[in-house]
Amino acid sequence: MSVNVKRVKSSEIELKDKLVNIRRVTKVTKGGRTFSFSAIVVVGNENGVVGHGLGKAKEVTTAIAKGIDDAKKNLIKVPIVKGTIPHEQAGKYGGARVFIKPASHGTGVIAGGAMRAVMESVGITDVLAKSKGSSNPHNVVRATIDALIQLRDASTVSQHRGVSLEKVFNG
């Protein structure tokens with residue numbers, strides 16, 4: 001099954017960024033150790049648009065800025081229905097496996113670490129989420145984005161099947 005990814009231009013919307021993880025990485029050379037930083041950043045407008053990025057630099061602030069710029073290049077549109085997702089969905093990337101499930105109003109975002117940052121950036125207020133396998137933040141973020149990309153709302157399903165919206169729910 002092919003998934004239609006809805007790309008969004010960052011110039012059209014107001015985006016908020018969240019730092020998911022920052023790591024100090026070391027390169028050992030004959031002159032000694034060289035330190036640099038790797039930052040994973042998630043950006044979103046809290047209204048159905050989200051993106052993730054990775055920035056690497058010698059300084060923390062530069063790495064975060066590069067991560068934000070990278071995230072703005074990878075924006076996607078996610079269907080949100082009454083503050084939650086339309087249906088259950090699993091996603092995977094590398095060794096990370098995630099499972100997201102719609103929740104009733106008032107439940108909140110039941111998700112940990114990297115998944116929580118993605119869910120809050122996209123604007124989902126009620127969701128149940130489980131991360132399985134690898135806990136590597138970069139892979140968890142990409143697996144969560146993979147699950148969000150696969151989500152489809154009722155109108156998309158009706159267009160894809162070529163039937164009316166009522167028939168999607170009744171038949």
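The shown structure was predicted, so the numbers you read here are calculated from the model rather than taken from an experiment.
- Side-chain atoms of Asp126 come within 3.5 Å of backbone atoms of Gly108 as a donor-acceptor pair (strictly under, hydrogens ignored).
- Annotation: side chain of Met115 is in contact with side chain of Val98 (closest heavy-atom distance under 4.5 Å).
- Judged by distance alone, the side chain of Lys66 and the main-chain N or O of Lys56 form a donor-acceptor pair under 3.5 Å.
- In this structure, the side chains of Pro137 and Arg23 come closer than 4.5 Å at one or more pairs of heavy atoms.
- Here the options are Leu15, Val118, Asn45, the test is side chain to side chain contact (heavy atoms under 4.5 Å, CB included), and the partner is Val50; only Val118 passes.
- When all heavy atoms of Ile22 and Ala39 are compared, the closest pair comes out as CD1-CB, 4.0 Å.
- The closest donor-acceptor contact from the side chain of Arg116 to the backbone of Val109 lies under 3.5 Å.
- Side-chain N or O atoms of His87 include one that pairs as donor or acceptor with a backbone N or O of Arg152 at under 3.5 Å.
- At least one side-chain heavy atom of Ile145 sits less than 4.5 Å from a side-chain heavy atom of Ile76.
- A distance of 12.5 Å separates OG of Ser121 from NE2 of His52, quoted to the nearest 0.5 Å.
- No donor-acceptor distance shorter than 3.5 angstrom exists from the side chain of Thr107 to the backbone of Ala103, with no hydrogens or angles considered.
- The OH atom of Tyr93 sits 6.5 Å away from the NE2 atom of His138 when rounded to the nearest 0.5 Å.
- Residue Leu54 holds its CG atom at 7.0 Å from CG of Asp70, rounded to the nearest 0.5 Å.
- Just one of Ile110, Ile100, Ile85, Thr84 meets the side chain to side chain contact (heavy atoms under 4.5 Å, CB included) condition when paired with Leu128; it is Ile110.
- With contacts defined as side-chain heavy-atom distances shorter than 4.5 Å, the pair Met119/Thr144 qualifies.
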